[in-house]
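In what follows, every chain begins at residue 1, and chains take the letters A, B, ... in the order their sequences are listed. None of the values given here were measured: they were computed from a predicted structure.
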2 protein chains.
Amino acid sequence: MLPITVQAEEESGLCPVRAILVTVTGKWSSLILLALEDGPQRFSAIKRLIGDISQRVLTENLRALERDGYVRREVVPGSPIEVRYQLTPMGGDLLSRIIPLVTWATNHHAAVQAARNRYDADERVS
Amino acid sequence: MLPITVQAEEESGLCPVRAILVTVTGKWSSLILLALEDGPQRFSAIKRLIGDISQRVLTENLRALERDGYVRREVVPGSPIEVRYQLTPMGGDLLSRIIPLVTWATNHHAAVQAARNRYDADERVS
DNA sequence: CAGTATCCTTTACGATACTG
DNA sequence: CAGTATCGTAAAGGATACTG
């Protein structure tokens, strides 16, 4: 096993590593980080890239990512105003560990789908 | 940007890669996979390793992981019965992409905590 | 444009009790 | 031991309307 505490610490909330993973492994976080891979993007561009995320939830997630230091938010004054989001160095570093996972998923989604179909077929019988 | 569809496909549900990521990036999945890193474990051992997961939720998550082909469930008859869970080759392969992320989190949790403190302090002022 | 505010539904989860 | 069943709570998320 890795030298990390899988188990949460009872006294002081969560194991610090768990505290990071909770954010990173959220439903939207990795997708948002991915959307910033090629450089800064405006709010609306990120929303368009992901597609099925609501404005409210995107804002929430961007704030959480900003809070953790993965993303920087920059307001360009004007009317209408423009807000750019970009990866910080730490965010880029994190993304470089997420990308292998996404690549893996790209290469294995057929195998996973097959496994699901097999499982569901067996379920139907039993 | 990577050659994957960040955006969901409107017609047929989700982009297949997204369909994998939803499971993989769940709150518990990576922890369960991690608990199986060193070899097969019984249900109760996994539960003890993670600590703060309820029996119901652990069962649910193990079933999902089994369905996707990452984990194999094996019942050893007897009384009381024993159920072993172990990684499949595909599950082990997936875990090898998750571990760098966990290692990264281990090495950066202090920096993230500092970023959070900074952000929260600024919030208090504004 | 980039949010905020509000409402409402869905999902995830924990706790507890029970069983082969 | 390894579940299943049931209940209740809390968090996540979608939809819509409104604003500097």
Student: Heavy-atom distance under 4.5 Å between the side chains of A/Asp120 and B/Arg67, does that happen here?
Tutor: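 With C-beta onward as the side chain, the pair touches.
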Student: At 4.0 Å (heavy atoms only), tell me whether B/Glu60 reaches a base, stays on the sugar-phosphate, or touches nothing.
Tutor: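 Here B/Glu60 touches no strand at all.
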Student: Both A/Thr59 and B/Ile53 contact DNA chain C. Which one's nearest nucleotide lies toward the 5' end?
Tutor: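 The residue mapped nearer the 5' terminus is A/Thr59.
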Student: On DNA chain D, nearest-nucleotide positions of A/Trp28 versus A/Gln55: which is more 5'?
Tutor: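 The residue whose closest nucleotide sits nearer the 5' end is A/Trp28.
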Student: Both distances under 3.5 Å, Watson-Crick or G-U wobble: report the partner of C/dG3, or none.
Tutor: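 Its partner is D/dC18.
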Student: Using OP1 and OP2 only, check whether a side-chain N or O of A/Ser54 sits under 4.0 Å from D/dA15.
Tutor: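 So the side-chain polar atoms of A/Ser54 never come under 4.0 Å of the phosphate oxygens OP1 or OP2 of D/dA15.
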Student: Identify whether any heavy atom of A/Arg84 sits under 4.0 Å from a base atom; if not, whether one sits that close to sugar-phosphate; answer base, sugar-phosphate or nothing.
Tutor: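 Nothing, no nucleic acid heavy atom in range.
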Student: With distance as the sole test, does A/Asn61 use its side chain to make a donor-acceptor pair with the main-chain N or O of A/Val57 at under 3.5 Å?
Tutor: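 Pair found, side chain donor or acceptor close to backbone of A/Val57.
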Student: In this structure, how many angstroms lie between the P atom of D/dA2 and the CD1 atom of B/Ile32, rounded?
Tutor: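 After rounding, the reported distance stands at 14 Å.
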Student: Look only at the side chain of B/Lys47 and the backbone of B/Ile53, and say whether a donor-acceptor pair between them is shorter than 3.5 Å.
Tutor: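 At least one qualifying donor-acceptor pair exists.
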Student: What closest approach, in Å, do A/Ala45 and A/Gln41 show between heavy atoms, and which atom pair accounts for it?
Tutor: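 In terms of heavy atoms, the two residues are closest at CB-OE1, 3.5 Å.
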Student: Does B/Gly69 offer a backbone N or O that forms a donor-acceptor pair with the side chain of B/Thr88 under 3.5 Å?
Tutor: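 Yes.
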Student: Please state how far atom CD1 in B/Ile50 lies from atom C1' in C/dG14, giving the value in whole angstrom units.
Tutor: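 Computing the B/Ile50:CD1 to C/dG14:C1' distance gives 15 Å.
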Student: Given C/dA2, D/dC1, C/dC1, which nucleotide is nearest the side-chain atoms of B/Ser44?
Tutor: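 The closest nucleotide is D/dC1.
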Student: Of the nucleotides C/dG3, D/dC1, D/dG20, which one has an atom closest to the side chain of A/Ile81?
Tutor: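 The answer is D/dG20, which lies nearest to the side chain.
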Student: Find the distance A/Lys27:NZ to C/dT10:P and express it as a whole number of Å.
Tutor: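 In whole Å, C/dT10 P lies 14 Å from A/Lys27 NZ.
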Student: Measure CG/A/Asp52 against P/D/dA12 and give the value in whole Å, please.
Tutor: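 To the nearest whole Å, that distance equals 18 Å.
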Student: Could you check which nucleotide pairs with C/dC13 in any of the strands shown, counting Watson-Crick or G-U wobble with both distances under 3.5 Å?
Tutor: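 Answer to the pairing question: D/dG8, which forms a Watson-Crick or G-U pair with C/dC13.
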Student: Does B/Arg56 reach a base, just sugar-phosphate, or nothing at all? Heavy atoms under 4.0 Å.
Tutor: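 Since a base atom lies under 4.0 Å of B/Arg56, the category is base.
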Student: Find the distance A/Glu82:CD to C/dG3:P and express it as a whole number of Å.
Tutor: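 From A/Glu82 CD to C/dG3 P: 11 Å.
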Student: How many whole angstroms separate atom CG of B/Leu58 from atom C1' of D/dT4?
Tutor: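 Distance check: B/Leu58 CG to D/dT4 C1' gives 14 Å.
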Student: Can you tell me which nucleotide in C/dG3, D/dG3, C/dG20 comes closest to the side chain of B/Arg63?
Tutor: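 The answer is D/dG3.
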Student: Rounded to whole angstroms, how far apart are CD1 on A/Ile46 and C1' on C/dG3?
Tutor: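 In whole Å, C/dG3 C1' and A/Ile46 CD1 are 13 Å from each other.
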Student: Quick one: B/Asn61 CG to C/dT11 P, roughly how many Å, whole number?
Tutor: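 It is 16 Å, rounded to the nearest whole Å.
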Student: Please report the C-alpha distance between A/Asp93 and A/Arg97 in whole Å, then the side-chain angles of each, then the deciding distance to 0.1 Å, and finally whether the salt bridge (Lys or Arg N to Asp or Glu O under 4.0 Å) criterion is met.
Tutor: CA-CA 7 Å; A/Asp93 199 39; A/Arg97 318 296 152 127; 3.1 Å; yes
Student: Can you identify which nucleotide, out of D/dA17, C/dC13, D/dA2, has its nearest atom closest to the B/Phe43 side chain?
Tutor: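 When the side chain of B/Phe43 is considered, D/dA2 is the closest of D/dA17, C/dC13, D/dA2.
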Student: State which of C/dC1, D/dG3, C/dG3 makes the closest approach to the side chain of A/Arg42.
Tutor: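 Nearest nucleotide to the side chain: C/dC1.
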Student: Could you tell me whether the phosphate oxygens of D/dG3, OP1 or OP2, come under 4.0 Å of any side-chain nitrogen or oxygen in B/Tyr85?
Tutor: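 Result: yes.
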